[in-house]
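Read the structure below first, then the notes.
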Number of protein chains: 2
Amino acid sequence: MPGASLTLRGIGKQFDVSMTPAREAVRRLVAEGALFLSSSGRVSTPELSNERIEELAALRAMLEPELASRALPRAHFALIERLETINQAVSQMVARHDAIGYIRMNLEFHRTLYLRAQAPAMLMMTETVWLQMGPTMRALYGRLNRKEPPPHHRLILSALKAGDEPGLRLAVRADVTQGLRLLRG
Amino acid sequence: MPGASLTLRGIGKQFDVSMTPAREAVRRLVAEGALFLSSSGRVSTPELSNERIEELAALRAMLEPELASRALPRAHFALIERLETINQAVSQMVARHDAIGYIRMNLEFHRTLYLRAQAPAMLMMTETVWLQMGPTMRALYGRLNRKEPPPHHRLILSALKAGDEPGLRLAVRADVTQGLRLLRG
DNA sequence: TTGCGGTTTTTGTGATCACAAACGAAGCAT
DNA sequence: ATGCTTCGTTTGTGATCACAAAAACCGCAA
């Protein structure tokens, strides 16, 4: 949960290692912005302000349409088929109210598409943004129980099939910003 | 230099600490993409391929105009004056062929502007991109000896003074992509 | 009940060590 | 000369420890 605090010894015990590897993992996640490091060295999951959430949404809205656009020329039928399979899994997660599974599958959908962009640095930055929103997304998607799968995924898929680059950019941007609109407290 | 290898014990000795803090610092820089971690755990500065350089340039071209645009409404005279001072320092570095000082001052110019954007996550991603290009920039700017200060800084300053948002975006994008065009080997 | 000292426990930090894997150099064979 | 093997050295990893700072706890007083 956002704001939950972590201890090196606790993590170490949880994974049956000493403090040293736990420390490394934690500090890496801090460097990526996925965990918050207090001035006294204590570590906790971040509680994002509304401004921060909107900033991260703006980053996604810049990065992800570009990744999708770069993936478009390389998106052959096998990829689109795989995306449709993942999208069905997303719908299943919505149906069974599995918030964590929903987030996982939703990001899997996006990552599978973006991998085709052959832009590793861009993809890594995008995943860093996702990581920063992780605890917040989990808390809020768990709270509200949706009935419908994300509507823009179908738009993304049809734009991919049609080779419609502006439409794809729009669909991705809409998917990203619509999902994040729910997080505004 | 790009490709130079680093050892934990070496860094520790250099800064009069043990391996432990050296390891943490190195792993953080690896997480940020500033250092390269081989599969065997060895660490070195990265050697960027041309594709990677263009990708990082594309990231700068997306992020930095947005940051400048967000800073524009808050850019008062004191800030512009400070930017002009920094820009003079940039020119001095060019004049005395100080590649490191030039890179430092050039980024200082950009960071000073972007700080006004009140967008810490965006600024951090941008600085991460800078960090990834660090060794490569240093190697290449040291090699070629320029005579002229960066021409687009003046354009940025006049767009700031005029409150010209599209012009500012264009000037920033041009400054970023022009600087990076020199790095294409 | 609430606020405040003082004590105890928890927690991160940095150092050191043993160990295994990877590297590099030297020697040998072709 | 070149490629391969071998052996000594370097290097990262994870564990453990001492220490200091911070947090949590407890009891007491207003």
Side-chain angles (χ1 to χ4, degrees), chain A residues 1-49 52 56 120-121 123-125 127-139 185, chain B residues 1-49 52 56 120-121 123-125 127-139 185:
Chain A
M1 294 300 294
S5 62
L6 304 172
T7 66
L8 298 184
R9 287 174 176 86
I11 295 170
K13 183 154 293 185
Q14 193 172 341
F15 292 94
D16 267 314
V17 293
S18 78
M19 296 171 58
T20 313
R23 210 192 322 186
E24 258 187 51
V26 160
R27 300 306 286 262
R28 170 177 169 188
L29 288 167
V30 167
E32 290 173 340
L35 290 177
F36 171 73
L37 181 68
S38 86
S39 57
S40 68
R42 252 75 171 190
V43 163
S44 59
T45 49
E47 299 182 277
L48 303 184
S49 65
R52 182 58 73 108
L56 293 172
L123 179 56
M124 178 157 297
M125 306 235 100
E127 296 195 272
T128 296
V129 176
W130 294 347
L131 217 50
Q132 294 186 36
M133 306 194 315
T136 302
M137 287 182 74
R138 192 226 148 127
Chain B
M1 294 301 293
S5 62
L6 304 171
T7 67
L8 298 185
R9 287 175 175 85
I11 296 170
K13 182 155 295 184
Q14 193 172 340
F15 292 94
D16 266 313
V17 292
S18 79
M19 296 171 58
T20 313
R23 207 187 333 182
E24 259 187 51
V26 160
R27 300 306 286 261
R28 171 176 169 188
L29 288 167
V30 168
E32 290 173 338
L35 290 178
F36 171 72
L37 181 68
S38 87
S39 57
S40 68
R42 253 74 171 190
V43 164
S44 59
T45 47
E47 298 181 279
L48 303 184
S49 65
R52 182 58 71 105
L56 294 173
L123 179 56
M124 179 156 297
M125 307 233 99
E127 295 194 274
T128 295
V129 176
W130 293 348
L131 218 49
Q132 294 186 37
M133 306 193 315
T136 302
M137 287 181 74
R138 192 229 148 124

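We name chains A, B, ... by the order of the sequence lines, and we start the count at 1 in each one. In this text, all values refer to a predicted model and were calculated from it rather than measured experimentally.
- Residue B:S40 places at least one side-chain N or O under 4.0 Å from the OP1 or OP2 atom of C:dC23.
- Between the C1' atom of C:dG12 and the CD1 atom of A:I11 lies a distance of 12 Å, rounded to the nearest Å.
- For DNA chain C, the neighbouring residues in residues 16-32 of chain B, judged by any heavy atom under 4.0 Å, are B:V17, B:S18, B:T20, B:P21.
- Looking at heavy atoms from C-beta onward, A:Q132 lies in side-chain contact with A:R52 at the 4.5 angstrom threshold.
- Across A:A22 and A:L8, no two heavy atoms sit closer than the pair CB-O, 3.7 Å.
- One finds no salt bridge joining A:R28 and A:E24 here, because no Lys/Arg side-chain nitrogen approaches an Asp/Glu carboxylate oxygen to under 4.0 Å.
- Scanning for side chain to side chain contact (heavy atoms under 4.5 Å, CB included) contacts around B:T45 gives B:A4, B:L35, B:P135, with sequence neighbours left out.
- In this structure, CG of B:L35 is placed 12 Å from P of D:dG12, rounded to the nearest angstrom.
- Between A:L131 and A:L29, the closest side-chain pair of non-hydrogen atoms falls below 4.5 Å.
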Restricting both atoms to N or O, compile the protein contacts to nucleotides 8-11 of chain D shorter than 3.5 Å, with distance only.
residue	atom	partner	partner atom	Å
D:dT11	O4'	B:R42	NH2	3.3

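- Put simply, the side chain of B:L37 reaches to within 4.5 Å of the side chain of B:R27, judged on heavy atoms.
- Summarising the geometry of A:S44 relative to A:S5, their closest heavy-atom pair is CB-CA, 3.8 Å, with the distance given to 0.1 Å.
- Of all the heavy atoms in B:E32 and B:T128, the pair that sits closest is O-CG2, 3.2 Å.
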